[in-house]
Asker: 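One structure is given below, represented as structure tokens, and several questions about it will come after.
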Amino acid sequence: MIVEFNDREPLVVNARRNNYFRAFSKDIILRPSCADCNYLWKHRVGDLTIGDFWEIQELNPEMFDDKGASVLLLNTEKGSEIWSKIENGFQVKEKTLSEGFKYNHRRPIRLKPERDEFFRRFREEPINERLYDYNDIINKIKEE
């Protein structure tokens with residue numbers, strides 16, 4: 001992951017080992033609204049929806065590069081017009097909605113019990129210490 005700044009050198013982070021990324025990917029630090037989301041599957045309010053295309057290697061192995069692929073939904077005519085102006089700059093494979101969501105959320109996520117514990121301790125202890133506790137990769141390496 002690279003975070004670019006206007007006034008300094010980019011920050012380069014191995015996202016898979018990053019404490020924040022690990023806690024996020026394990027659904028520990030999701031917003032409460034994720035458990036009450038009304039905008040999953042076909043229920044969209046924006047012109048475009050951009051997200052992760054989970055398990056792209058199952059449908060198009062040639063598009064899997066271990067960096068991720070995105071899914072783009074054209075929800076309105078305006079979204080289609082915007083896309084038509086920029087689509088030539090992308091490598092695209094059309095898929096059905098069912099294919100795009102086969103490994104993605106079709107219903108709101110259930111908040112994990114660990115989330116409550118994380119946020120209770122978050123108010124009392126330094127954030128990086130809390131995030132570190134949920135970094136399964138670093139803790140596994142430490143145990144070995």
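Just so you know, these numbers use all the heavy atoms, side chains as well, and skip hydrogens, waters and symmetry mates. Residue numbers count from 1 along this sequence.
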Asker: Donor-acceptor check, side chain of N135 to backbone of R22, threshold 3.5 angstrom: yes or no?
Answerer: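 Not a single qualifying donor-acceptor pair exists.
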Asker: If you apply the rule side chain to side chain contact (heavy atoms under 4.5 Å, CB included), what do you find for I2 with L11, and how did you get there?
Answerer: CA-CA 6 Å; I2 300 173; L11 173 65; over 6 Å; no
Asker: Specify whether Y20 and F24 have parallel, tilted or perpendicular ring planes, treating 30° as the upper limit for parallel and 60° as the lower limit for perpendicular.
Answerer: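 Y20 and F24: parallel rings.
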Asker: Does the cation-pi check pass for R115 over F118, that is, NZ or CZ under 6.0 Å from the six-membered ring centre and within 45° of its axis?
Answerer: no
Asker: Sorted by first residue and then second, give each ring-ring contact (aromatic ring centres under 6.0 Å, His included) pair with at least one member in residues 60-86; sequence neighbours left out.
Answerer: W83-F90
Asker: Given the rule in the side chain to side chain contact (heavy atoms under 4.5 Å, CB included) test, do Q91 and M63 qualify, once you have shown the distances and angles that lead to the verdict?
Answerer: CA-CA 9 Å; Q91 179 184 357; M63 293 187 78; 4.1 Å; yes
Asker: In plain terms, say whether R121 and D133 are close enough for a salt bridge, that is, a side-chain N and a carboxylate O under 4.0 Å apart.
Answerer: yes
Asker: Under a 4.5 Å cut-off applied to non-hydrogen side-chain atoms, are D27 and I109 in contact?
Answerer: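 Touching, per the 4.5 Å side-chain cut-off.
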Asker: Can you get from F122 to L111 by hopping between Ile, Leu, Val, Met, Phe, Trp and Tyr side chains that sit under 4.5 Å apart?
Answerer: yes
Asker: What's the separation between atom NZ in K26 and atom CD1 in I29, rounded to the nearest 0.5 Å?
Answerer: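 With rounding to 0.5 Å, NZ (K26) is 11.5 Å from CD1 (I29).
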Asker: To the nearest 0.5 Å, how far apart are CG in N19 and CG in L131?
Answerer: 6.0 Å
Asker: What pairs with E124 under side-chain hydrogen bond (donor to acceptor under 3.5 Å, both in side chains), at least two apart in sequence or on another chain?
Answerer: R120
Asker: Give me the atom names and distance for the closest heavy-atom approach of G79 to L48.
Answerer: O-CD2, 3.4 Å
Asker: Quick one: hydrophobic cluster around V45, which other residues, with the 4.5 Å side-chain cut-off, linked directly or via members?
Answerer: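 V45 clusters with Y39.
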Asker: Hey, what do you get for CZ (F101) to NZ (K95), rounding to the nearest 0.5 Å?
Answerer: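 So the gap between those two atoms works out to 15.0 Å.
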Asker: Linking I/L/V/M/F/W/Y whenever their side-chain heavy atoms sit closer than 4.5 Å, directly or via other members, would I127 and L30 fall into one cluster?
Answerer: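 Per the 4.5 Å side-chain linkage, I127 and L30 are co-clustered.
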Asker: Check S80 against L74 and note the closest heavy-atom contact, atom names and distance.
Answerer: OG-CB, 3.8 Å
Asker: Within the distance-only criterion (no hydrogens, no angle test), does the side chain of E99 pair as donor or acceptor with the backbone N or O of T96 below 3.5 angstrom?
Answerer: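 Indeed, once roles are kept as given, a pair shorter than 3.5 Å links the two residues.
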Asker: Do the side chains of V71 and D52 get nearer than 4.5 Å, heavy atoms only?
Answerer: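 In short, these two side chains do not touch, never coming nearer than 4.5 Å.
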Asker: Using 4.0 Å as the upper bound for N to carboxylate O, is an ion pair formed by E62 and K93?
Answerer: yes
Asker: Is it the case that more than 12 heavy atoms not belonging to K112 sit under 6.0 Å from its NZ atom?
Answerer: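 Buried by this count: over 12 neighbours within 6.0 Å.
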Asker: Hey, what do you get for OG (S70) to CD1 (I50), rounding to the nearest 0.5 Å?
Answerer: 7.0 Å
Asker: Are Y103 and L73 connected, step by step, through hydrophobic side chains (Ile, Leu, Val, Met, Phe, Trp, Tyr) whose heavy atoms are closer than 4.5 Å?
Answerer: no
Asker: I want to check something: taking the side chain as every heavy atom from C-beta on, are N18 and V13 in contact at a cut-off of under 4.5 Å?
Answerer: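 Yes; the side chains approach each other to less than 4.5 Å.
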Asker: Kindly work out whether a path of hydrophobic side-chain contacts (I/L/V/M/F/W/Y, heavy atoms less than 4.5 Å apart) joins F21 to Y132.
Answerer: no
Asker: Identify the heavy atoms of P108 and D36 that sit nearest to each other, and give their distance.
Answerer: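 Residues P108 and D36, closest heavy atoms: CB-N, 4.1 Å.
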Asker: Where is the tightest heavy-atom contact between E87 and S84, given as atom of each residue plus distance?
Answerer: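 Result for this residue pair: OE2-CA, 3.5 Å.
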Asker: As an exercise, state the distance from CD1 of I86 to CG of L72, rounded to the nearest 0.5 Å.
Answerer: 7.5 Å
Asker: To the nearest 0.5 Å, tell me how far N60 CG sits from E55 CD.
Answerer: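 Between N60 CG and E55 CD, I get 13.0 Å after rounding to 0.5 Å.
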